[in-house]
Amino acid sequence: MDILPEWESIDPTRLRGTLLVVGASGVGKSTFARYLYGRLQKSADRVAYLDGDPGQGRLGPPATMTITSERIGEEPFQDQGAVWRTFVGSSSPAGHMLPVVVGSARLVRAAQEAGIEVVVYDTTGLIDPNRGGTYLKLAKINLLRPSILFAIQRDGELDPLLSPLLGSRRLEVVKMPVSPSAKNRDLPSRRASRAEQFAQYFADAEAKILSWADMAVFPSPEFRLNLLVAMEDSDGYVLGLGIVQQITETSREVTLLTPLSSLEKIDSIQLGDVVLDPRTFFDQPVRARG
Ligand SMILES: Nc1ncnc2c1ncn2[C@@H]1O[C@H](COP(=O)(O)OP(=O)(O)OP(=O)(O)O)[C@@H](O)[C@H]1O
Ligand SMILES: [Mg+2]
């Protein structure tokens, strides 16, 4: 990892509250956020990392967001200790901004209720004002009230967001340059690595029959073949994901391919907005949700 002098000059002992890391795709947000989290873990013990990217997250399968206070190393992350996860239903925040914003607030609150004082929030690269990126980031800022916004930019692309914020005292803006080692990946390679992440997640999955007569289905039980769904606990956090394999309307049963071993704690099923090809694990959108 290329550690910039601007990173080294950060004093982690004065960081409090939520630290939002923003920037366009591939500028090094996640690399910086992980570095910052590592430094914070050495200086404070009540720190959490929010992986807010449903497309290329490291801490959970695509279409979800995860917060944890566990160590994040190079090896694949295994759920252990305190981990909360919400379902976005799609790998893209575009068309799914409400579950992204609501999910981020719920994850930060869950961590704070468990005693976390500092949250490093690694966001998605959706910053384009013409695609709602500016409003998405402003909504997060107004809801989460971060103390610092770490803004990683090449060439003024964050100015539509930063210009008004720099005139406001509601948070501190810290501008960061882009590391020369940062590489943006194109859409086909992002799609392929997402399929790889789904494939890993479902590697040990088995077919399980669930009766939806006994549980809530959000928004309504309109199951379809290969739809990605989340099984959630009574607080609405993700227990596991599933892929719809068979639907029996008469007995109100659905067969899901899922790695979730116990179906005991399931309170509800949340329908996603993508179908997954069960052989290739490539995702295909079926609808948007605002
Ligand atoms: N400081 C750095 N030193 C070495 N490699 C880096 C650095 N910053 C970024 N990279 C590399 O560039 C690529 C993109 O970095 P990273 O995933 O951190 O960006 P991102 O902004 O989080 O991207 P995305 O928008 O896809 O989430 C990765 O392969 C990463 O290893
Ligand atoms: Mg990232």
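Each ligand, and each atom within it, is numbered from 1 in the order the structure gives. Both backbone and side-chain heavy atoms feed into the values below; hydrogens, waters and symmetry mates do not.
Among Ala24, Ser179, Ser25, Gly125, the residue whose heavy atom lies closest to atom 2 (C) of ligand 1 is Ser179. Distances from atom 25 (O) of ligand 1 to the heavy atoms of Arg185, Arg58, Lys29 show the closest one on Lys29.
For a distance bound of 2.8 Å, the N, O or S atoms of Ser30 include one lying that close to the Mg ion (ligand 2).
Geometric assessment of Arg106 against the ring of Tyr237 yields a positive cation-pi assignment under the 6.0 Å and 45° thresholds.
Given atom 19 (O) of ligand 1, the protein heavy atom at minimum distance is Gly28 N, 3.1 Å. Among protein heavy atoms, atom 31 (O) of ligand 1 sits closest to Thr31 OG1, 4.3 Å. Looking at atom 29 (O) of ligand 1, its nearest protein heavy atom turns out to be Lys183 O, 4.7 Å. Annotation: atom 11 (C) of ligand 1 to nearest protein heavy atom, Ser181 O, 3.6 Å. The protein non-hydrogen atom at the shortest distance from atom 23 (O) of ligand 1 is Gly26 N, 3.1 Å.
Linking Ile, Leu, Val, Met, Phe, Trp and Tyr residues whenever their side-chain heavy atoms come within less than 4.5 Å places Leu271 and Leu260 in a single cluster.
Only one option out of Asp122, Val83, Thr68 pairs with Leu59 in a side-chain contact (heavy atoms from CB on, under 4.5 Å); it is Thr68.
At least one protein heavy atom sits closer than 4.0 Å to atom 6 (C) of ligand 1.
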